[in-house]
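Worksheet: the structure to be examined is printed underneath.
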Amino acid sequence: MLRTHTCGELGELNVGNVVTLCGWVDSYRDHGGGLFVDLRDRYGLTQVVFNPPDTAPGVIELSKTVRAEYVLKVTGVVAARPEGMANPKLSTGKIELRATALEILNKSLTPPVSPNANAQDLPGEDLRLKHRYLDLRRPELQKVLIMRDRVVKGMRDYFAQQQFIDVETPCLGRSTPEGARDYLVPSRVHHGSFYALPQSPQLYKQILMIAGYDRYVQVARCFRDEDLRADRQPEFTQLDVEMSFVDSDDVMGIIDGLAAKLAKEELGIELTLPLPRITYDEAMERFGHDAPDLRFGAEIVDLSDLAPQSEFGVFKAVVEGGGKVRAINVPKGGEFYSRRGIDGLTEFVKGFGAKGLAWFKCEEDGKLNSTIAKFFSPELLATMATRLGSQPGDLVLFSADNWEATCKVLHALRTKVGREMKLYDPQAMHFSWVVEFPMFAKDEESGHWAAMHHPFTAPLDEHVSLLDTDPGKMRAKAYDLVINGSEAGGGTIRIHDSEVQSKVFALLGIDEATQQERFGFLLDALQYGAPPHGGIALGVDRWIMLFGRLESIRDCIAFPKTQKASDLMTDAPGRVDARQLRDLAIKLVE
RNA sequence: GGCGCUGUAGCUCAAUUGGUUAGAGCACUGGACUGUCGAUCCAGAGGUUGCGGGUUCGAGCCCCGUCAGCGUCGCCA
């Protein structure tokens, strides 16, 4: 080792020791006679002093050539700082290293990204991604990656203690056209054939259950070639779990324990178990979304029965057309949002397909201030206000449309006002389950039924018979874990009954030949003694993002990609040689 | 694919209604300084205003296109 200690561990107990530190120059202060260097590594900062008489003139001369991000090896004596010179901002602030020897291990160009920059001087993200090695030197980012290491290790330990086995599954697999777009890998040996990178190890883990590995876990990289968002990357990490001889409660119970352990260890939060559960139907009715943020209220209230009693044409027309009039009551929203602010909300909902935004401000005298108040009788307004629970100063926001559209708009509004008005404690961490998702959803374009989760999802036992009569009413043994309104994981109990499986395929319009071609291996395996089984996958990146209270998933991934899925550091994806294409029998068009 | 925001010195930003030679802080270079801690002080250097076109007597600013980054809708079983 070139060093005897790290830059974060020396203290008063080491005074008098001769030590050697290695690290990067975080900053330097040249005083003419002597020079101070704050030396940084991932453990901390230590002040190094190059000052006579401790430091020889030649060493001082060399020290004056150091610049930001030079890599130094410094030997010296640990000394208590002079009276009144301690720096309370540093954990090592009571001591300093009086240098006797200096070796410049490496120089650095002037860094375009300063690891010690404060938030307001932080360079643009494109530059940080291009010089990611500099960005990753920032203590904030190091803290996150170190936390990530701890959390993932905590996950692995937790499952290992409960007899789960970590089994690796292939990255080169078979494309299944359902779901997200696949990343494809051309085969050199089989011209015209392609592997697909896994969107998740779903089918493999089911095979492992059939193979008798009744408790499986894997930290698995997954790939989806879809457009990106602040919380989505083209490759991401799932904590993938599958268990045999279980029902929904067993899987959720295991994850409850994991959540409690990690929340306590990382956040110091005691979760009450079992974690709260609401059904999908209830989530949609009360919050308009299948991953509601339960940190605050402002729940959706259905006013479809009252609204048409007004003279407001829009409301009447929507309800007569089979639509809904629903609203949220925003506490103190009338004080928070000016008319101009409400105009902003109106523009906002137009982005979600709404034609406009009807609203009421509740005044102190019990009256309602609104451009549409004149269409409502005082009695009707009072009835609506009562149902909404409105208090003076509140703001009521309406959505009148088909049920799905009101969900979308009101969820978007609720989320936006919740964030803007800080309706919740930013430190709060709310875990909950959303259960009993629909088995099927009608595809708008084709009119065909599509699996809401995947075609192997088991229905609730009491809903099996609905397969023949009313598939839209069927609910699944499916459960999503929601943290602060963010989908942090999801899973299902799988179908292990071949008769039910066939009926599901039939409903989805997947004929026997297609079944065999796409999932033949699984359908075969299911006929050789498949145990009842189910599992879940947790979004590791999102957990880290939430635990670290980060705004972007890119801030918890060492080498993330941009919105267009490029890596600005390596310039991936890149062009390849004609030779490589020839091997693969691929010709570029245009 | 749609909508929106951003792009000015190495970095973070400013530049009045379209108007003289595009400024500041940090970083950088040279100098001063025996205790600083984002050191301080003096001096200096540093610009194809992302790129291409247009309007105008005149464009960093207006218009069109394009590239890149970000946010978002669609998309993500």
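These numbers come from a predicted model, not from an experiment. Below, chain A is the first sequence line, B the second, and so on; all start at residue 1.
Between A:Arg181 and A:Lys561, the residue anchored closer to the 5' end of RNA chain B is A:Lys561, taking for each the nucleotide with the nearest heavy atom.
The partner of B:C70 is B:G4, by the rule that a Watson-Crick or G-U pair needs both atom distances under 3.5 Å. Under the Watson-Crick and G-U wobble criteria, each requiring two contacts below 3.5 Å, nucleotide B:A59 is left unpaired. Nucleotide B:U36: unpaired (no Watson-Crick or G-U wobble partner with both distances less than 3.5 Å). When both distances must be under 3.5 Å, the Watson-Crick or G-U wobble mate of B:G65 is B:C51. Base pairing annotation: B:G23 forms a Watson-Crick or G-U wobble pair with B:C13, both donor-acceptor distances under 3.5 Å.
The residues A:Arg132 and A:Asp135 are annotated as salt-bridged, a charged nitrogen and a carboxylate oxygen being separated by less than 4.0 angstrom. Here A:Arg475 does not pair with A:Glu436 in a salt bridge; the nearest charged N to carboxylate O distance is not below 4.0 Å. Under 4.0 Å is where a charged nitrogen must lie from a carboxylate oxygen, and between A:Arg98 and A:Glu96 at least one such pair does. Ion pair A:Lys143/A:Glu140 not flagged as a salt bridge, since none of the NZ, NE, NH1 or NH2 atoms sits closer than 4.0 Å to an Asp/Glu carboxylate oxygen.
Comparing the C1' positions of B:G18 and B:C57 gives an interatomic distance of 12 Å, to the nearest angstrom. Separating the C1' atom of B:U56 from that of B:U17 is a span of 15 Å, rounded to the nearest Å. Nucleotides B:G35 and B:C41 place their P atoms 15 Å apart, quoted to the nearest Å. If you take atom C1' in B:G10 and the same atom in B:G71, they sit 27 Å apart, rounded to whole Å.
At the heavy-atom level, A:Ser114 lies nowhere under 4.0 Å from the strands shown. Within the 4.0 angstrom heavy-atom criterion, only backbone atoms of the sugar-phosphate kind lie near A:Gly124; the bases stay farther away. Looking at heavy-atom distances under 4.0 Å, A:Pro82 makes contact with a base. Among the atoms of the strands shown, none is found under 4.0 Å from any heavy atom of A:Leu90. Within 4.0 Å (heavy atoms only), A:Ala180 reaches sugar-phosphate atoms of the nucleic acid but no base atom. Heavy atoms of A:Lys408 sit under 4.0 angstrom from primed sugar atoms or phosphate atoms, though from no base atom. Residue-level contact check: A:Met85 touches the bases, meaning some heavy atom is under 4.0 Å from a base atom.
One cannot find a donor-acceptor pair under 3.5 Å joining the base of B:C11 and the side-chain atoms of A:Arg128. Contact of A:Arg232 with B:C75 (side chain to base): a donor-acceptor pair of N or O atoms is detected under 3.5 Å. Side-chain to base pairing of A:Asp126 with B:G7: no donor and acceptor N or O lie closer than 3.5 Å to each other.
Residue A:Leu97 contributes atom CG, which lies 20 Å from atom P of B:C37 at whole-angstrom precision. Separating the CG atom of A:Leu568 from the C1' atom of B:C67 is a distance of 13 Å, rounded to the nearest angstrom. In this structure, A:Leu122 places its CG atom 14 Å from C1' of B:C70, rounding to the nearest Å. Put simply, CD1 on A:Ile553 is 15 Å from C1' on B:G71, counting in whole angstrom units. Here the P atom of nucleotide B:G74 and the CZ atom of A:Arg229 are 8 Å apart, to the nearest Å. Between the NZ atom of A:Lys350 and the C1' atom of B:G74 there is a distance of 20 Å, given to the nearest Å. Taking atom CD of residue A:Glu226 and atom P of nucleotide B:C73, one finds them 14 Å apart after rounding to whole Å. Rounded to an integer number of Å, the gap from A:His411 NE2 to B:U72 P is 13 Å.
Between A:Thr110 and the phosphate of B:A27, there is no side-chain N or O to OP1/OP2 separation shorter than 4.0 Å. Look at A:Arg67 and you'll find a side-chain N or O under 4.0 angstrom from OP1 or OP2 of B:U29. Note on A:Lys564: every side-chain N or O is 4.0 Å or more away from OP1 and OP2 of B:G71. Distances shown here put every side-chain N or O of A:Gln47 at or beyond 4.0 Å from the OP1 or OP2 atom of B:U36.
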Let's go through A:Glu125 and A:Arg128 carefully: what are the C-alpha distance in whole Å and the side-chain angles of both, what is the deciding distance for salt bridge (Lys or Arg N to Asp or Glu O under 4.0 Å) to 0.1 Å, and is it a yes or a no? CA-CA 5 Å; A:Glu125 192 168 6; A:Arg128 290 170 44 209; 5.0 Å; no
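Residues A:Phe36 and A:His31 bring their aromatic ring centres within 6.0 Å. The distance between the ring centers of A:Phe456 and A:Phe519 falls below 6.0 angstrom.
The ring-ring contact (aromatic ring centres under 6.0 Å, His included) test applied to A:Tyr183 returns no partner, not counting sequence neighbours.
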Letter per nucleotide, 5' to 3', of nucleotides 38-48 of chain B [B base touched, S only sugar-phosphate touched, - untouched; heavy atoms, 4.0 Å]: BB---------
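The minimum heavy-atom distance between A:Met452 and A:Pro438, with the atom names listed, is CB-O, 3.3 Å. Between A:Pro471 and A:Phe440, the closest heavy-atom pair is O-CD1, 3.6 Å.
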